[in-house]
> 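I'd like to ask you about the structure that follows.
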Amino acid sequence: MTPLRPRLIYQAPVTYALCARPSEAMSGKLILLGEKTVEYPLTAFNTLGRHPDNSIQVLDRIVSKEHARITLAPNGRWVMRDAGSLNGTLVNGERIGEAVLNDGDRIQLGNTNFAFAEDNPQAQQAEQQAHRGRVTMMPGQVQSEVRNRIDASKRFVPVAEITDMEVLKADYEKLRVAHELSQKLAVGTDLDMLLQQIVDETFQIIRADRAVILLYDPDTDMLTPAYVRQKRADEEIKLSNTILDEVKRNKAAVLSSDAMVDERFKAAKSIIMQGIRSTMAVPLLVADQLVGAFHVDSMLASGAFTDKDLLLFSGIATQAAIAIQNFRLAKKIEHEAATRAEFQRLLSPNLVDQIVSGALTLDQAGANREVTMLFADIRGFTSMSERHTPEEMVETLNNYFEFMVDVLFKHGGTLDKYVGDEIIGLFGAPVELPDAPVRAVRCALDMLKALEEFNLTRASEGKETIRIGIGINSGRVIAGAIGSSRTLQYTVIGDAVNIAARLCSVAKSAEIIISPSTMSQCQAYVIGEQREPVTVKGKAEPIQIWNITGLQEQDLEVPSVARRNPTAPFRTTQEP
């Protein structure tokens with residue numbers, strides 16, 4: 001199936017497979033208990049506290065700025081830890097330092113109460129399948145609307161109004177045809193098979209020599225033959241544009257008992273050349289939307305088709321239109337699911353929803369834009385790999401990436417790629433962010449927090465802890481789909497990317513090194529240590545750098561760089 005945006009399909013490198021984890025493991029949520037119930041889905045790393053920078057903000061005066069943390073352990077269990085709060089964290093009425101959460105546990109932070117819930121993935125899947133089934137049945141409501149619009153005078157009258165047995169028989173025949181056809185037209189994976197079923201059933205009911213189903217393309221405003229059936233295989237079929245234009249333009253059925261003498265088609269040479277006597281053509285409509293057209297004709301005699309045939313044929317066309325539309329919807333759902341799965345590896349969930357729905361569009365070609373790049377690299381990874389088996393390192397990277405990517409997405413970042421043990425995140429691509437530098441720095445600080453929790457779990461299991469260094473730089477880059485016609489990857493290219501990578505190599509364990517271009521846009525929000533300028537590869541002049549250690553409290557809630565006061569004081573300390 002051809003993607004909607006073939007230039008933007010993400011082709012992950014081999015190392016990308018390391019981050020694959022079952023979605024079932026992340027099916028936990030907190031439910032705020034009170035006058036208004038609010039649900040908070042949990043990710044691998046979550047912070048709770050009074051400050052708005054937390055994953056879950058708790059508006060309670062006696063709750064600490066960062067009160068507690070909830071993380072996902074490698075065994076799939078959720079662990080809650082108190083973050084040194086003044087009034088403590090209670091689980092089921094008992095104050096805890098650390099506790100494994102179970103479904104239904106009650107959590108109290110200050111005067112605020114939550115319930116912890118673990119979702120059932122199997123039940124969710126069943127619900128989604130049931131919902132999908134309901135969605136595909138929705139066009140059934142349209143069926144009666146289309147039938148009424150085609151022939152409102154032939155409606156099904158109430159029992160009390162039936163006075164003619166012939167009317168009752170005619171109504172029964174219409175219901176029988178519609179029912180049998182709906183039973184046989186199943187949505188499958190092959191459109192040709194579906195169209196063949198429609199034509200086969202039509203030939204069982206209507207005596208016609210030839211049948212053609214045409215599909216409508218709104219972009220070209222044309223009806224194109226999609227399936228042809230004829231009783232004499234050596235014939236060449238020439239459709240009358242006059243008849244098809246009538247169907248397309250007026251969305252109305254056309255019946256001609258003798259097309260060769262019909263005044264409406266006297267200019268149609270194809271009818272004369274092929275000796276067509278009787279013709280029926282009906283639009284394929286769903287909710288007044290043209291899906292295509294269905295054409296049958298007879299070359300044997302005039303008057304081969306009657307009004308009753310047209311009524312039956314219109315009923316078949318209604319069922320056919322619904323079946324074709326359902327097929328397209330099913331394919332669209334499959335494509336959107338595949339697109340969503342690809343984007344979920346790259347973007348935060350809120351951006352994925354907007355892109356799949358069409359609210360946001362990605363650049364199909366390279367675009368020059370301002371982007372902030374974040375590089376996070378594990379320190380001593382090579383020597384660590386020598387001390388552990390490949391299987392142990394894969395498991396370690398899986399769990400580490402899970403934590404780090406959740407934090408990246410929380411701050412609106414985009415996952416560019418993994419390079420071994422290094423994560424590359426983007427802020428401002430593919431979706432522009434006016435406060436990209438501030439988001440990147442906040443993300444880096446949160447990554448260090450998440451790493452603390454990650455290492456606590458590893459230490460409790462007797463495993464070696466992990467240390468990382470982070471480099472951040474902002475600048476103009478080319479962002480877009482890079483690669484061959486078969487393998488494409490959304491990424492950024494430019495000198496600013498190289499500088500970010502060099503700053504990451506300069507950063508020591510637990511350091512966040514940023515460049516002047518990033519500092520100039522977020523200095524009102526951060527606390528940093530100014531370091532001696534460093535010389536990086538590819539640059540003749542040394543680059544001034546800063547190590548960021550925190551955020552200035554008075555500016556934490558300012559969401560956008562556009563509101564920054566460039567004259568605000570910036571606290572620095574010169575490294576000895």
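All values derive from a computational prediction rather than experimental measurement.
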> Indicate yes or no: at least one non-hydrogen side-chain atom of Val441 is less than 4.5 angstrom from one of Cys522.
yes

> Under the criterion salt bridge (Lys or Arg N to Asp or Glu O under 4.0 Å), which of Arg467, Arg69, Arg81 is the partner of Glu452?
Arg69

> Going by atom types alone, do Arg476 and Asn368 pair a side-chain donor with an acceptor below 3.5 Å?
yes

> Answer yes if the side chains of Thr89 and Asp82 hold a donor-acceptor pair under 3.5 Å, and no otherwise.
yes

> Could you tell me if the side chain of Ile423 sits less than 4.5 Å from the side chain of Phe375, heavy atoms only?
no

> State the CD-CG distance between Gln108 and Asn87, to the nearest 0.5 angstrom.
10.0 Å

> Mind checking whether Ile548 and Ile470 have side chains closer than 4.5 Å, heavy atoms only?
no

> Counting N and O atoms only, with roles assigned by atom type, does the side chain of Arg369 sit under 3.5 Å from a partner on the main chain of Gly428, one being a donor and the other an acceptor?
yes

> Any salt bridge between Glu529 and Arg531, counting N to O under 4.0 Å?
yes

> Is there a side-chain contact between Thr37 and Leu32 (heavy atoms, below 4.5 Å)?
no

> Quick one: does any side-chain atom of Asp217 pair with a main-chain N or O of Asp219 as donor and acceptor, under 3.5 Å?
yes

> Under the side-chain contact (heavy atoms from CB on, under 4.5 Å) criterion, do Trp546 and Val526 qualify, and how do the steps go?
CA-CA 10 Å; Trp546 290 263; Val526 300; over 6 Å; no

> Hey, mind stepping through Arg502 and Lys539 against side-chain contact (heavy atoms from CB on, under 4.5 Å) and telling me if it holds?
CA-CA 10 Å; Arg502 303 288 184 263; Lys539 291 292 178 182; over 6 Å; no

> Are the charged groups of Lys29 and Glu118 less than 4.0 angstrom apart, N to O?
no

> When you measure from the side chain of Thr372 to the backbone N and O of Ala440, does any donor-acceptor pair fall under 3.5 Å?
no

> Considering residues at least two apart in sequence or located in another chain, which fulfil the side-chain contact (heavy atoms from CB on, under 4.5 Å) criterion with Glu461?
Pro74, Thr457, Lys463

> Could you walk me through whether Glu66 and Lys449 pass the salt bridge (charged side-chain N to carboxylate O under 4.0 Å, His left out) test, one step at a time?
CA-CA 11 Å; Glu66 184 180 330; Lys449 284 184 183 179; 2.8 Å; yes

> Could you go through the side-chain contact (heavy atoms from CB on, under 4.5 Å) check for Asp105 and Asn92 one step at a time?
CA-CA 6 Å; Asp105 280 352; Asn92 297 326; 3.0 Å; yes

> Show your working on side chain to side chain donor-acceptor pair (under 3.5 Å) between Ser55 and Asn46 and close with a plain yes or no.
CA-CA 5 Å; Ser55 306; Asn46 312 269; 4.8 Å; no

> Do you know which two heavy atoms are closest between Phe427 and Cys443, and how far apart they sit?
CZ-CB, 3.7 Å

> Could you tell me which non-hydrogen atom of Ile56 sits nearest to which non-hydrogen atom of Tyr40, and how far apart they are?
CD1-CB, 3.7 Å

> Quick check: does any side chain N or O of Ser385 sit under 3.5 Å from a backbone N or O of Phe381, one acting as donor and the other as acceptor?
yes

> Would you check if there is a donor-acceptor pair between the side chains of Ser517 and Asn473 at a distance under 3.5 Å?
yes

> Whether the side chain of Asn455 engages the backbone of Ile466 through a donor-acceptor N/O pair (distance < 3.5 Å, no angle test) should be reported.
yes

> Is a side-chain donor or acceptor of Asp416 paired with a backbone partner of Leu426 at a separation under 3.5 angstrom?
no

> Measure across Thr71 and Glu453 and return the closest heavy-atom pair with its distance rounded to 0.1 Å.
CG2-CB, 3.7 Å

> Evaluate the side-chain proximity of Arg387 to Glu464: yes if any heavy-atom separation is below 4.5 Å, no if none is.
yes

> Applying side-chain contact (heavy atoms from CB on, under 4.5 Å) to Phe409 and Thr414, what does each step give before you reach the verdict?
CA-CA 7 Å; Phe409 288 170; Thr414 298; over 6 Å; no

> Find out whether Val100 and Trp78 are in side-chain contact, i.e. whether some heavy atom of one side chain is under 4.5 Å from a heavy atom of the other.
no

> Whether the side chain of Asp446 engages the backbone of Val407 through a donor-acceptor N/O pair (distance < 3.5 Å, no angle test) should be reported.
no

> Does the side chain of Leu101 come within less than 4.5 Å of Met80's, by heavy atoms?
yes

> Quick one: are Met393 and Met384 in side-chain contact, heavy atoms under 4.5 Å?
yes

> Whether Lys331 and Glu334 form a salt bridge (side-chain N of Lys/Arg under 4.0 Å from carboxylate O of Asp/Glu) is what I want to check.
yes

> Within the 3.5 Å criterion, strictly below it, is a donor on Lys410 or Thr43 matched to an acceptor on the partner's side chain?
no

> Is a side-chain donor or acceptor of Glu511 paired with a backbone partner of Gly469 at a separation under 3.5 angstrom?
no

> Under a 3.5 Å cutoff, is there a donor and acceptor pairing between the side chains of Asn102 and Arg77?
yes

> Would you check if the side chain of His67 reaches a backbone N or O of Ser64 as a donor-acceptor pair within less than 3.5 Å?
yes

> Could you report the tightest heavy-atom contact between Gly110 and Asp60, atom names first, then the distance?
C-OD2, 3.8 Å

> Could you state the interatomic distance from CZ (Arg439) to CG (Leu374), rounded to the nearest 0.5 Å?
13.5 Å

> Check Val286 against Gln325 and note the closest heavy-atom contact, atom names and distance.
CG2-CB, 4.0 Å

> With no hydrogens and no angle check, is any side-chain donor or acceptor of Thr396 less than 3.5 Å from a backbone partner on Glu392?
yes

> Nearest heavy-atom pair of Leu433 and Gly412: which atoms, and what distance?
CD1-O, 3.7 Å

> Salt-bridged, Lys65 to Asp53, with N to O below 4.0 Å?
no

> CZ of Arg61: more than 12 outside heavy atoms within 6.0 angstrom?
no

